[in-house]
Amino acid sequence: MQPSNQPCGPQQMSYGDGPATDEAPPPAPRLDTARLWAGGVMTAGVAGLTAVGAVLLVRGVLGIAVFAPEGDGAEGDGSTGLLAAGAAATALAATALLHVLILSTPQPVRCFACIIALVTAAIVLLPFRTSTGLEPKVGGGAVYLAIGTAVGSLLSAVARGATRRAV
């Protein structure tokens, strides 16, 4: 005879919002680390090129002196190269963050997108703390926005391609 505090019949377990079943929880996504980091390296290259392209657009086409004195021409000075290198390094750091999120959170791409959006918003606002004119502030913010958008959108797509549901 079975004790009265024990359920009779097969054990019913509930996972998530669905009805109680005997099924196991859905398998965790499998991460292709090589694909994730290859995409991260490619994103770093695109981020660097985005920085250079955005500076060329803002300085050369729009005529706004950002990241260098006005007399340095459309490509600016050494600070343009530093900006491109910083954008690439930022993309690699974002890839590391994405790697950790994929391994540890239930919805890593959504969490990553929120983090990138907030960091990009903060970086875009940085030029507005300087004492320069409005045009350089807007131009600098636009360059940072282009870089943040490129990194966020590319790495979100990389994450989707690097994770597969186990079957």
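As the structure is a prediction and not an experimental result, all values here were calculated from the model.
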Undergrad: Identify the two heavy atoms, one from Gly48 and one from Ala87, that lie closest to each other, and give their separation to 0.1 Å.
TA: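 Minimum heavy-atom separation between Gly48 and Ala87: N-CB, 4.2 Å.
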Undergrad: Would you mind listing every side chain to side chain donor-acceptor pair (under 3.5 Å) that reaches into residues 107-116, with sequence neighbours excluded?
TA: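 For residues 107-116: Gln107-Arg110.
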Undergrad: For residues 113-128, tabulate all N or O donor-acceptor pairs below 3.5 Å that involve a side-chain atom, not counting sequence neighbours.
TA:
from   : atom 1 : to     : atom 2 : distance (Å)
Thr120 : OG1    : Ile116 : O      : 2.8

Undergrad: Closest heavy-atom contact between Cys111 and Leu101?
TA: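 Scanning both residues, the minimum pair turns out to be SG-CD2, 4.0 Å.
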Undergrad: Partners of Phe112 by ring pair (Phe, Tyr, Trp, His ring centres under 6.0 Å), sequence neighbours excluded?
TA: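 Partners of Phe112 by the ring pair (Phe, Tyr, Trp, His ring centres under 6.0 Å) criterion come out as none, since no residue qualifies.
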Undergrad: What residue pairs, at least two apart or across chains, pass side chain to side chain donor-acceptor pair (under 3.5 Å) with a residue in residues 88-102?
TA: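 Listed by first then second residue: Trp37-His99.
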Undergrad: Sorted by first residue and then second, give each side chain to side chain donor-acceptor pair (under 3.5 Å) pair with at least one member in residues 121-131; sequence neighbours left out.
TA: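 Listed by first then second residue: Thr130-Thr132.
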Undergrad: Which ILVMFWY residues can you reach from Leu49 by hopping between side chains whose heavy atoms are under 4.5 Å apart?
TA: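 Via sub-4.5 Å side-chain contacts, Leu49 links to none.
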Undergrad: Taking the side chain as every heavy atom from C-beta outward, state whether Thr43 and Val158 have any atom pair closer than 4.5 Å.
TA: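 A side-chain contact exists here, since the closest heavy-atom pair is under 4.5 Å.
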Undergrad: To the nearest 0.5 Å, tell me how far Asp32 CG sits from Ile102 CD1.
TA: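 The distance works out to 10.5 Å.
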Undergrad: Could you measure the distance from the CG atom of Leu103 to the OG1 atom of Thr33? Nearest 0.5 Å is fine.
TA: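 OG1 of Thr33 is found 7.0 Å from CG of Leu103.
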Undergrad: Pair up each side-chain donor or acceptor in residues 139-154 with any protein partner under 3.5 Å, not counting sequence neighbours, and list the distances.
TA:
from   : atom 1 : to     : atom 2 : distance (Å)
Thr149 : OG1    : Leu145 : O      : 2.8
Ser153 : OG     : Thr149 : O      : 2.8
Ser153 : OG     : Ala150 : O      : 3.4

Undergrad: With sequence neighbours left out, write down each residue that passes side chain to side chain donor-acceptor pair (under 3.5 Å) with Arg160, or none if nothing qualifies.
TA: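 With neighbours one apart ignored, the set is empty.
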Undergrad: How far does CZ of Arg35 sit from OG1 of Thr163, to the nearest 0.5 angstrom?
TA: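 Taking CZ in Arg35 and OG1 in Thr163, the distance rounds to 10.0 Å.
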Undergrad: Say whether Leu62 and Leu83 are linked into one hydrophobic cluster, either directly or through other cluster members, by side-chain heavy-atom distances under 4.5 angstrom.
TA: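 Leu62 and Leu83: one cluster.
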Undergrad: Below 4.5 Å, heavy atoms only, C-beta onward: do Val61 and Leu56 meet side chain to side chain?
TA: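 Sidechains of Leu56 and Val61: no contact.
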Undergrad: Which residue pairs satisfy the ring-ring contact (aromatic ring centres under 6.0 Å, His included) criterion with at least one member in residues 41-62, sequence neighbours excluded?
TA: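 Residue pairs with at least one partner in residues 41-62: there are none.
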Undergrad: Write down the atom of Ala88, the atom of Ala47, and the distance for their closest heavy-atom approach.
TA: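 Reported closest heavy-atom pair: N-CB, 4.4 Å.
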